[in-house]
Enquirer: 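Please find one structure pasted underneath; my questions will follow.
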2 protein chains.
Amino acid sequence: MSKKCKYALKALIRLGKEYGGGNLLTDDIAISEHIPKKFLEQILLDLKHAGYVRSKQGSKGGYRLVQEPSQITLAEIHRLFDGAIALVPCVSQKFYEACDDCPDEKSCRLKKIFIDVREKTYALLSGVTIKTFLEGSPTLNIPAKKQKI
Amino acid sequence: MSKKCKYALKALIRLGKEYGGGNLLTDDIAISEHIPKKFLEQILLDLKHAGYVRSKQGSKGGYRLVQEPSQITLAEIHRLFDGAIALVPCVSQKFYEACDDCPDEKSCRLKKIFIDVREKTYALLSGVTIKTFLEGSPTLNIPAKKQKI
DNA sequence: TAACTTATCTACTAATTCTATAGAGTTAAT
DNA sequence: ATTAACTCTATAGAATTAGTAGATAAGTTA
């Protein structure tokens, strides 16, 4: 995950704390989350254009979250800042691209498996929301075997 | 996933077809898998150094797989070529790095969740092996809810 | 209205990573 | 010896990442 995406996540979590309340300044978020301010400005703009936050200019301005924290998923944020969830572009839903090393996509032996991996990854990342981070209790919807990594 | 990692996977699958049999030339793999030969050379060397394949030089030389296809997981190959499985370096097992935007790692609200995501991702990627690709039947060990992506 | 505050937008840059390519060297078979 | 094939290191162009800079627009307050 890119730093940009991680910063976006931290900003959303910070804004999520104030959900339903007042605005937060870029500066406040930059300082409390240790994010370079000018970089954060771009990120907040991206989040605004994607509809997650709204802003107000001038004195007493700032940003506020306008979507329910429980509805903002890690999958969406990842797509917005880091692109495809799929491991290979030829099985991506939102960022499809043909592989130049694959003469016949229909008979590709990788594709079926990678679609399966994509679906499971999506399910995993969709189970994590801004609310998850705010509560600290993962409500991930996929049970995994307990194992040593 | 980088092209290098994808090429490595395809090479392993191709070698997996001959598992227990004879050698394959770099050229054979390059042609059948549509991988730039000189790039593939590097990849096969990496796979050799990691212990997945062995090689023989000179005439009648080539590469052969020396680990069971069922024991070579997507998780391992990903780590070898693309690095960490974790989304953020501060929760990575094999590629740990501290975050410079995190003053106190112990109280980081992202960490617990990202460890959970890492573990589930690892389980997912560990369920896919070279054998999986050879058989075309995913034996992924994590059931996911069927859902529209 | 003027001054001040804060978001908006575009452009730019340095560093790193990715995707190869090049070429010399090494080992083995015939 | 000659040929075939792997081995290793270096290099280079393109793309991406992680910011920085600066001008502009919009809103508040005195």
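Every chain is numbered from 1, with letters handed out A, B, ... down the list of sequences.
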Enquirer: Could B:K4 and B:D82 be called an ion pair, given the rule that one side-chain N must be under 4.0 Å from one carboxylate O?
Expert: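 Here B:K4 does not pair with B:D82 in a salt bridge, since their nearest N and O are not under 4.0 Å apart.
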Enquirer: Whole-Å distance between C:dT6 C1' and A:R54 CZ?
Expert: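 Taking CZ of A:R54 and C1' of C:dT6, I get 19 Å after rounding.
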Enquirer: Would you mind checking if A:K6 and B:D101 are paired as a salt bridge, meaning a charged N to carboxylate O distance below 4.0 Å?
Expert: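 Result for this pair is yes, salt bridge flagged.
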Enquirer: Tell me: CD1 of B:I31 to P of D:dA5, nearest whole Å?
Expert: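 For the pair B:I31 CD1 and D:dA5 P, the rounded distance is 11 Å.
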Enquirer: Could I get a table of every N or O pair under 3.5 Å where one atom is in the protein and the other is in nucleotides 23-26 of chain C?
Expert:
residue: C:dG23; atom: N7; partner: B:K38; partner atom: NZ; Å: 3.4
residue: C:dG23; atom: O6; partner: B:K38; partner atom: NZ; Å: 2.3
residue: C:dT26; atom: O2; partner: B:Q57; partner atom: OE1; Å: 3.3

Enquirer: Nearest whole Å is fine: how far is D:dT20 P from A:L40 CG?
Expert: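 Those two atoms, CG and P, are 12 Å apart.
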Enquirer: Give the B/S/- string for nucleotides 11-17 of chain D, one per nucleotide from 5' to 3', where a protein heavy atom under 4.0 Å of the base yields B, of only the sugar-phosphate yields S, and otherwise -.
Expert: -------
Enquirer: Looking at B:Q42 and D:dT7, is any side-chain donor or acceptor paired with a base atom of the opposite kind under 3.5 Å?
Expert: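 Absent.
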Enquirer: Whole-Å distance between D:dT7 P and B:L25 CG?
Expert: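 After rounding, the gap between these two atoms is 12 Å.
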Enquirer: Nearest to the side chain of A:F39 - D:dG19, C:dA29, D:dG27?
Expert: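 Side chain of A:F39 sits closest to D:dG19.
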Enquirer: Rounded to whole angstrom units, what separation is found between the CG atom of A:D27 and the P atom of C:dT5?
Expert: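 A:D27 atom CG is separated from C:dT5 atom P by 12 Å.
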Enquirer: B:K48 NZ to C:dT27 P: how many Å, rounded?
Expert: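 Atom NZ in B:K48 sits about 11 Å away from atom P in C:dT27.
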